[in-house]
Amino acid sequence: MITVEIDQQFKQAISPEVLSDLVKAVFAHLQLPDSPGLSIKISDDTAIQELNRSYLGIDAPTDVLSFPLPFEDPESGSQYYGDMIVSYPTAAAQAQSGGHPIEDEIKLLVVHGLLHLLGYNHASEADKKEMWARQSELLIALKIKAQPTE
């Protein structure tokens, strides 16, 4: 089950269905099971900064954080991948800077976060090259106009 929670002040900007459909499209493109378990939260800089400080020791907001929590639900047999949080204000600033719609920026960040939940990372140059190639492939396939910043 895909759970999408959007803070009240951002509900007008993007719908949970758009993000749920995006996750399903990513999983279909990657030929993964069509009923992934994960959660997405769209929140503010304060919430993401608190998580960034608590879990990564970085006392600053960021655009997206992913928390891989892979396990198989014993009752349904479905895979749960983890949780992610996207900062709407940071995404909005990045969209403005990049000259593309906020919805595309949020989609880019969700794709990026999903790749982390699937085990991709950018800790080394080789890992980064692999992750960025997969991310680019997905952005093109899903017609997402936003491009990642380094």
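Just so you know, these numbers use all the heavy atoms, side chains as well, and skip hydrogens, waters and symmetry mates.
Every pair passing salt bridge (Lys or Arg N to Asp or Glu O under 4.0 Å) that includes a residue from residues 104-127 is listed here, sequence neighbours excluded: Glu103-Lys107. Listed by first then second residue, pairs satisfying ring-ring contact (aromatic ring centres under 6.0 Å, His included) with a partner in residues 44-68 read Tyr55-Phe67, not counting sequence neighbours. Listed by first and then second residue, the salt bridge (Lys or Arg N to Asp or Glu O under 4.0 Å) pairs involving residues 137-148 are Arg134-Glu137 (not counting sequence neighbours). The stretch residues 81-93 participates, sequence neighbours left out, in these side chain to side chain donor-acceptor pair (under 3.5 Å) pairs: Ser39-Asp83, Asp45-Ser87, Asp45-Thr90, Tyr80-Asp83, Ser87-Thr90. For the salt bridge (Lys or Arg N to Asp or Glu O under 4.0 Å) condition, the pairs that include at least one residue of residues 3-13, sequence neighbours left out, are Glu5-Lys41, Asp7-Lys41.
With sequence neighbours left out, Glu72 forms a salt bridge (Lys or Arg N to Asp or Glu O under 4.0 Å) with no residue at all. Among residues two or more places apart in sequence or in another chain, the salt bridge (Lys or Arg N to Asp or Glu O under 4.0 Å) test is passed with Asp44 by none. The side chain to side chain contact (heavy atoms under 4.5 Å, CB included) check on Arg53 picks up Gln49, Glu50, Asp59, with sequence neighbours excluded. Considering only residues two or more places apart in sequence or on other chains, Glu130 meets the salt bridge (Lys or Arg N to Asp or Glu O under 4.0 Å) condition with none of them. Evaluation of the side chain to side chain contact (heavy atoms under 4.5 Å, CB included) rule for Ser15 yields Glu17, Val18 as partners, not counting sequence neighbours.
Linking Ile, Leu, Val, Met, Phe, Trp and Tyr whenever their side-chain heavy atoms come within less than 4.5 Å puts Ile42 and Leu114 in one cluster. Under a hydrophobic-cluster definition in which Ile, Leu, Val, Met, Phe, Trp and Tyr are linked whenever side-chain heavy atoms come within less than 4.5 Å, directly or via other members, Val86 and Met131 are assigned to the same cluster. In the hydrophobic clustering of this structure, Val4 does not group with Leu51; members are Ile, Leu, Val, Met, Phe, Trp, Tyr whose side-chain heavy atoms approach within less than 4.5 Å, directly or through other members. In the hydrophobic clustering of ILVMFWY residues, with side-chain heavy atoms under 4.5 Å counting as a link, Tyr120 and Leu32 come out together. Follow the hydrophobic side-chain contacts under 4.5 Å out from Ile14 and you reach Leu38 in the same cluster.
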Original post:
side chain to side chain contact (heavy atoms under 4.5 Å, CB included) between Leu56 and Thr62: does it pass, once the steps are laid out?
Top reply: CA-CA 11 Å; Leu56 299 176; Thr62 189; over 6 Å; no
Going by atom type alone, with no hydrogens or angles, which donor-acceptor pairs under 3.5 Å involve a side-chain atom of residues 19-28 and a protein atom two or more places apart or on another chain?
none

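A distance of 7.0 Å separates CG in Leu115 from CG in Leu30, rounded to the nearest 0.5 Å. The distance from the NE2 atom of His112 to the CG atom of Leu138 is 12.5 Å, given to the nearest 0.5 Å. Between atom CD1 of residue Ile85 and atom CG of residue Leu65 there is a gap of 7.0 Å, rounded to the nearest 0.5 Å.
Counting all heavy atoms, side chain and backbone alike, Met84 lies closest to Gly113 at CE-C, 3.6 Å. Taking all atoms of both residues into account, the shortest heavy-atom contact from Phe10 to Ser43 is CE1-O, 3.3 Å.
Met1 shares a hydrophobic cluster with no other residue; no ILVMFWY side chain has heavy atoms under 4.5 Å from its own.
Considering only heavy atoms from C-beta on, Pro61 stays 4.5 Å or farther from Asn52 through its side chain.
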